[in-house]
Amino acid sequence: MVLKANPKPPPTDEGEQPLAGSVKPYQQHLAVCTGGPPELWAARVEEMQGLLRALSLALEARGLNKRIKLTACDTPSTGAEGFDIFLMPDMLVLPEITVDKVDRLVNALQRQFEQGLPFDVEPMSGGDHLFVCVHANRDARCGEWGLLLYEALTREVAAQGAIAHLHRTSHIGGHAFAATCIVYPQGIWYGNLRPNDAARLVDQHLNRERLLPEHYRGRLGASSCQQVAEAQAARVLIKAYPDYESLTVQVEEVKGQATATARAMVPGAGGYVTISAAFRLSCPVVWWTADDEPIFAAG
């Protein structure tokens with residue numbers, strides 16, 4: 001069966017933007033561990049005096065503010081001075097960062113660690129790290145739905161024995177999709193989550209490494225087209241092959257047209273076998289849409 005693109009023009013209002021493909025491209029994420037409570041965060045944490053403002057200005061001055069996301073999280077810092085910073089997807093803790101260290105840190109980020117980092121770092125705790133937006137001072141929807149999701153995820157992580165760490169975070173982008181969260185180290189974004197989605201997110205994504213296509217927004221480092229293709233492939237797979245593993249999607253984009261090739265492993269009579277599908281996408285106005293439904297076959 002072939003699924004044709006919606007003949008209606010793509011929506012133009014931000015609140016009506018399709019979920020898949022809504023993650024703006026970025027390469028790294030700095031989360032400053034300010035501790036709690038989140039109610040103390042200003043509406044725009046990058047404008048708060050001290051370390052966050054210094055980081056924001058330094059990133060902007062070097063043209064890195066689009067490539068590197070900057071947020072606050074409620075995880076307490078461990079040192080006597082400065083703040084710890086999480087660096088994702090590198091999964092590093094930069095301990096006790098003070099304003100006087102900002103230039104050295106941002107210079108190292110600009111060089112993409114060609115000469116290493118100018119101070120000692122530590123690895124983040126093993127397992128997945130979930131950053132749930134609860135930033136009520138930025139948007140009431142995040143404060144309401146985000147907190148409820150965070151509480152539900154806390155219960156489900158414990159109940160299902162997932163190796164995961166939860167962080168309440170400031171605005172990450174797309175509050176119209178509240179509740180939203182990012183899962184690292186993969187950098188997977190989800191939106192429109194409710195507390196009753198927590199059990200499935202833990203079971204399917206954290207414990208089985210499968211996407212939740214109806215909540216999938218995209219991921220770090222991927223283009224909007226790539227994100228839409230991944231959501232489309234996962235949507236078909238979860239229905240036809242609920243036990244699939246290792247979904248990968250490659251996309252070739254040329255002037256508003258794209259071809260996607262998706263591959264996954266599924267159980268067969270003699271063990272897992274590879275299946276693949278090719279399908280088209282287009283970007284007629286603003287948002288990418290899938291023109292075909294992937295039809296997976298062996299080989």
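The first residue in the sequence is number 1, and the count goes up from there. Note that the structure is predicted; figures quoted are calculated from it, not measured.
Here the side chains of Leu193 and Thr180 are not in contact, with every heavy-atom distance at 4.5 Å or above. Side-chain contact between Thr259 and Val254 is absent, with no heavy atoms from C-beta onward closer than 4.5 Å. The shortest distance between side-chain heavy atoms of Arg194 and Leu149 does not fall below 4.5 Å. Gln27 places none of its side-chain heavy atoms less than 4.5 Å from the side chain of Lys69. Residues Ile275 and Arg263 form no side-chain contact, since every pair of their non-hydrogen atoms from C-beta on lies 4.5 Å or further apart. In this structure, the side chains of Arg217 and Ile188 stay at 4.5 Å or more apart for every pair of heavy atoms. You'll find the side chain of Asn137 stays beyond 4.5 Å of the side chain of Ser170, heavy atoms only. Between Tyr190 and Leu212, some side-chain heavy-atom pair lies under the 4.5 Å cut-off.
Heavy-atom contacts from other residues, nucleotides or ligands closer than 6.0 Å to CG of Leu40 number more than 12. Residue Gln160 places its CD atom among more than 12 non-hydrogen atoms of other residues, nucleotides or ligands, all under 6.0 Å distant. Atom CG of Asp120 has 12 or fewer heavy atoms from other residues, nucleotides or ligands within 6.0 Å. Taking a 6.0 Å sphere around CZ of Arg141, one finds it holds more than 12 heavy atoms contributed by other residues, nucleotides or ligands. Taking a 6.0 Å sphere around CD of Gln257, one finds it holds more than 12 heavy atoms contributed by other residues, nucleotides or ligands.
Hydrophobic clustering (ILVMFWY, side-chain heavy atoms < 4.5 Å, transitive): Leu117 and Leu51 are in one cluster. Linking ILVMFWY side-chain heavy atoms closer than 4.5 Å, directly or via other members, places Val45 and Leu64 in a single hydrophobic cluster.
Judged purely by atom type and a 3.5 angstrom limit, Thr34 uses its side chain to pair as donor or acceptor with the backbone of Cys73. No donor-acceptor distance shorter than 3.5 angstrom exists from the side chain of Glu122 to the backbone of Val93, with no hydrogens or angles considered. Here the side chain of Ser77 pairs no donor or acceptor atom with the backbone of Phe83 at under 3.5 angstrom. With hydrogens and angles ignored, the 3.5 Å screen pairs a side-chain donor or acceptor of Gln227 with a backbone N or O of Val23. Without hydrogens or angle criteria, Asp84 side chain to Cys33 main chain gives no donor-acceptor distance under 3.5 Å. Checked by atom type and distance alone, the side chain of Gln232 pairs as donor or acceptor with a backbone atom of Asp292 at under 3.5 Å. Side-chain N or O atoms of Thr154 include one that pairs as donor or acceptor with a backbone N or O of Tyr150 at under 3.5 Å. His165 places a side-chain N or O within 3.5 Å of a backbone atom of Gly126 that can act as its donor or acceptor partner.
Of the options Ile97, Asn65, Val102, a side chain to side chain contact (heavy atoms under 4.5 Å, CB included) to Leu55 is made by Val102 and by none of the others. Just one of Leu220, Leu130, Asp90 meets the side chain to side chain contact (heavy atoms under 4.5 Å, CB included) condition when paired with Tyr184; it is Leu220.
Under the 30°/60° scheme for interplanar angles, the aromatic rings of Phe86 and Phe131 are found to stand perpendicular.
The CG atom of Leu59 sits 8.0 Å away from atom CG of Leu105, with the distance rounded to the nearest 0.5 Å. Summarising the geometry, atom CG belonging to Asn192 is positioned 9.0 Å from atom OG belonging to Ser22; distances are rounded to the nearest 0.5 Å. His129 contributes atom NE2, which lies 4.5 Å from atom CE of Met91 (distance to the nearest 0.5 angstrom). The distance from the CG atom of Leu87 to the CD atom of Gln28 is 5.0 Å, given to the nearest 0.5 Å. Taken to the nearest 0.5 Å, the CG atom of Asp74 stands 5.5 Å off from the CH2 atom of Trp41.
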Exercise for review: Test Ile182 against Ile172 for side-chain contact (heavy atoms from CB on, under 4.5 Å), laying out the working first.
Suggested key: CA-CA 9 Å; Ile182 314 175; Ile172 57 176; 3.7 Å; yes
Practice item. Please report the C-alpha distance between Leu201 and Glu156 in whole Å, then the side-chain angles of each, then the deciding distance to 0.1 Å, and finally whether the side-chain contact (heavy atoms from CB on, under 4.5 Å) criterion is met. Key: CA-CA 9 Å; Leu201 193 154; Glu156 288 299 331; over 6 Å; no
Review point. Going through the distances and angles, do Ser223 and Glu253 end up as a side-chain hydrogen bond (donor to acceptor under 3.5 Å, both in side chains)?
Key: CA-CA 10 Å; Ser223 69; Glu253 304 175 39; 2.6 Å; yes
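Ion pairing between Glu96 and Lys101 fails under the 4.0 Å rule for side-chain N and carboxylate O. A salt bridge between Asp291 and Arg280 is absent, with no side-chain N of the basic residue lying under 4.0 Å from a carboxylate O of the acidic one. A salt bridge links Asp103 with Arg62: at least one charged nitrogen is closer than 4.0 Å to a carboxylate oxygen. Under 4.0 Å is where a charged nitrogen must lie from a carboxylate oxygen, and between Glu214 and Arg200 at least one such pair does.
No cation-pi contact links Arg67 to Tyr26, judged by a cut-off of 6.0 Å to the six-membered ring centre and 45° from its axis. With Trp189 as the aromatic partner, Arg219 does not meet the cation-pi criteria of under 6.0 angstrom to the ring centre and within 45 degrees of the ring axis.
Val249 and Ala260 get closest at one heavy-atom pair: CG1-CB, 4.3 Å. Looking at every heavy atom in both residues, Phe279 comes nearest to Ala262 through CE2-CB, 4.3 Å. The two atoms that bring Ala20 and Ala231 nearest to each other are CB-CB, 3.6 Å, heavy atoms only. Of all heavy-atom pairs spanning Leu19 and Gly191, the tightest one is CD2-O, 4.0 Å.
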